[in-house]
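What follows is a short report on a single structure.
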Number of protein chains: 2
Amino acid sequence: MPEFLPDPDITIENIRQAHGLIKPFTHRTPVLTSSWLDDRLRAELYFKCENFQKTGAFKARGAMHAVLRLSDEQAAKGVATHSSGNHAAALARAAHSRGVPAYIVMPENAPAVKVKAVESYHGKITFCKSTLQSREETLEKVVEETGAVFIPPYNHRDVILGQATCALEFLEDHPDLDIIMAPVGGGGLMSGTALSARFMKPTITVYGAEPEQANDAWQSLKAGRLVPSEKPDTIADGLRTSLGPITFDIISKNVDDILTVSEDQILKSMRDIWERMKIIIEPSCSVPLAAVETYPELFRGKKTGIILTGGNVDLDRLPWQ
Amino acid sequence: MPEFLPDPDITIENIRQAHGLIKPFTHRTPVLTSSWLDDRLRAELYFKCENFQKTGAFKARGAMHAVLRLSDEQAAKGVATHSSGNHAAALARAAHSRGVPAYIVMPENAPAVKVKAVESYHGKITFCKSTLQSREETLEKVVEETGAVFIPPYNHRDVILGQATCALEFLEDHPDLDIIMAPVGGGGLMSGTALSARFMKPTITVYGAEPEQANDAWQSLKAGRLVPSEKPDTIADGLRTSLGPITFDIISKNVDDILTVSEDQILKSMRDIWERMKIIIEPSCSVPLAAVETYPELFRGKKTGIILTGGNVDLDRLPWQ
């Protein structure tokens, strides 16, 4: 696999261009509020609903952008990735809308609902064992055989630029935010969010929110070097991945702090959003609200923008059951 | 209890005035779409999200309007109703925001979540047996003792005018709708929807959607007289009530047709909305989409507006479990 290195030359113009490219293929998602939450927390919270995004997650932005940035020659043989989550469906959809194949390596124990999503976007699935080694080896083989271009889920310039369009829209619609916050998994959304925020409003506070039990970003920022999660154990299944070199670099330069939260609070905040806001979100989405509940003094009286990342949950297996 | 008679003098101005009155106390709810549903049904569906309304249901509109229309003298002793559903919470909230008490008669077997909602808006609850007779007798006693004004859930001019503000907003935001559709329970929302639609766009087609197993509106329209449901048996718990004289009168004059749907289709459509649109809706909400699925030829190639009525479900007891 190629190494992806940070690009020091990302500008707001790159992000605006990314937005122009993906606009016809993505939703400008709405921003919702909850007076019940605001009253309880004495804060002003704005929720950008990427759970309403195409494919049910912000991942549609980055995957679409990465696919659209390929030359016709590069794209001709298709794209490939390994993923059991939202990036797989997003890449399959992006490739299909460009009329090229997507080769998706998925662990054999991937949830049926995720497999179905990839199939519904015409992704060509190769199953493998559920170890990272098997995933990487299988992907390498698929790439060799097909000549497809590997599009990684987060540690990739064009993916990050695509994810950055979410905060771009958010700050265009709500330029008066004091704080902007996203959850941190592999750091693609966090990197994009931080970049857009820094360009558009240098004075804004940028927080990442992370489960205590998958706190590699918090550890990495403290250590000043990449410290991958060893055994991430959180219901926020989208946040079990660890930062890569590019996302670590951007996050360490542009994020004010990483706030970590307990599993109990993640679950409680998830249920509050379902019950009070009447929207379906994944456990990963509730990690920023859990951070507001855990450190209320940071948010009191301030306008805080929170990105709700996705809504793909198995309705037959809700975490509070 | 007083009899409420139809008022032949309702005008669009009355509806606009109602809207002006309740605006500071209600959300202008967003309208969502789903390309997945549109592609499948070869239709263009617009969903007005009253599940995001204050109190989690459109009932906030009618109750607020009825309370605001009372003179200070009338309002002074408070308001009262019997309800185990969304009207109870809506009336409690409306009364509290006017600073007067709300006396709510609830059956002793009302779901804990509904009782909690009424309490959270400071409603004063009197429990009774779960029969209609016990509910009415208990309410009568409460009204006698307190001097409160009875605000019924739907068969009431000011309640209907309040509910009409939903279609008013819908048609202001989407004047190009060919069809507008709401579910029919007691007919308050249906009456208001039909009135706004007729005033604002006389050529629009107005449908009501009703469970086959609680089809009193369909029966009543066929018979030309009120035919209450005898044993309504539907998971769409908000639609088990029957029309009253006022709502029957308005609906028979202004609704093009009542479309009835099976329990299976209601459940399937509910799950489709949860899974694809990522929003939480009550079973009653999915009855109009179930009608589109059941009679697709009526909707093909047309722009159809559907009111999603509420999102108050017990997350521990989902109907597909």
Side-chain angles (χ1 to χ4, degrees), chain A residues 24-36 38-40 47 49-58 60 86 89 93 97 112-114 116-117 120-121 173 267-268 270-282 285 308-321, chain B residues 24-36 38-40 47 49-58 60 86 89 93 97 112-114 116-117 120-121 173 267-268 270-282 285 308-321:
Chain A
F25 304 96
T26 49
H27 290 306
R28 188 177 187 105
T29 50
V31 172
L32 298 181
T33 60
S34 163
S35 57
W36 182 83
D38 285 358
D39 289 350
R40 272 194 60 226
F47 296 90
C49 290
E50 290 293 300
N51 52 332
F52 297 164
Q53 187 51 268
K54 292 283 181 186
T55 75
F58 75 91
N86 289 326
R93 174 177 175 270
S97 68
V113 60
K114 301 281 183 184
K116 222 173 92 184
S120 79
Y121 296 116
D173 293 348
L267 192 59
K268 211 179 142 298
M270 179 179 176
R271 180 130 181 178
D272 280 345
I273 291 175
W274 281 53
E275 280 193 343
R276 293 294 172 156
M277 298 183 67
K278 312 296 182 191
I279 58 176
I280 291 173
I281 56 157
E282 303 178 7
C285 294
L308 296 176
T309 48
N312 296 321
V313 286
D314 183 345
L315 294 176
D316 292 317
R317 295 185 193 194
L318 299 179
W320 47 75
Q321 284 166 344
Chain B
F25 304 97
T26 50
H27 289 307
R28 188 176 188 106
T29 50
V31 172
L32 298 181
T33 59
S34 163
S35 57
W36 183 82
D38 285 357
D39 290 349
R40 272 194 58 225
F47 296 91
C49 291
E50 291 293 300
N51 52 333
F52 296 164
Q53 187 52 268
K54 292 282 182 189
T55 74
F58 75 91
N86 290 325
R93 175 177 174 270
S97 67
V113 59
K114 302 280 184 185
K116 221 173 92 183
S120 79
Y121 296 116
D173 292 347
L267 191 60
K268 210 181 143 297
M270 179 179 176
R271 180 129 181 178
D272 279 345
I273 291 174
W274 280 53
E275 279 194 344
R276 294 294 173 156
M277 298 182 67
K278 312 295 182 191
I279 57 176
I280 290 173
I281 56 157
E282 302 178 8
C285 294
L308 296 177
T309 48
N312 295 322
V313 285
D314 183 345
L315 293 176
D316 292 317
R317 294 184 194 196
L318 299 179
W320 47 76
Q321 282 165 344

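Each chain gets a letter, A, B and so on, in the order the sequences are listed, and its residues count up from 1. From a predicted model like this one, the values you see are computed outputs, not experimental measurements.
Between the A:Lys278 side chain and the B:Gly311 main chain, a donor and an acceptor come within less than 3.5 Å of each other.
Ranked by heavy-atom pairs shorter than 4.5 Å toward chain B, the options A:Asn312, A:Ile281, A:Val113 are led by A:Asn312. With chain A as the partner, the residue from B:Ile279, B:Val313, B:Leu32 showing the most heavy-atom pairs under 4.5 Å is B:Ile279.
The aromatic rings of A:Phe52 and B:Phe52 lie parallel to each other, their planes meeting at an angle below 30°, with 60° marking the opposite boundary.
The two residues B:Gln321 and A:Leu315 make their nearest non-hydrogen contact at NE2-O, 4.1 Å.
In this structure, chain B has a heavy atom under 4.5 Å from the side chain of A:Leu318, while its backbone stays farther away.
A:Met277 contributes atom CE, which lies 11.5 Å from atom CG of B:Asn51 (distance to the nearest 0.5 angstrom).
The closest side-chain heavy-atom distance from B:Arg271 to A:Asp316 is below 4.5 Å.
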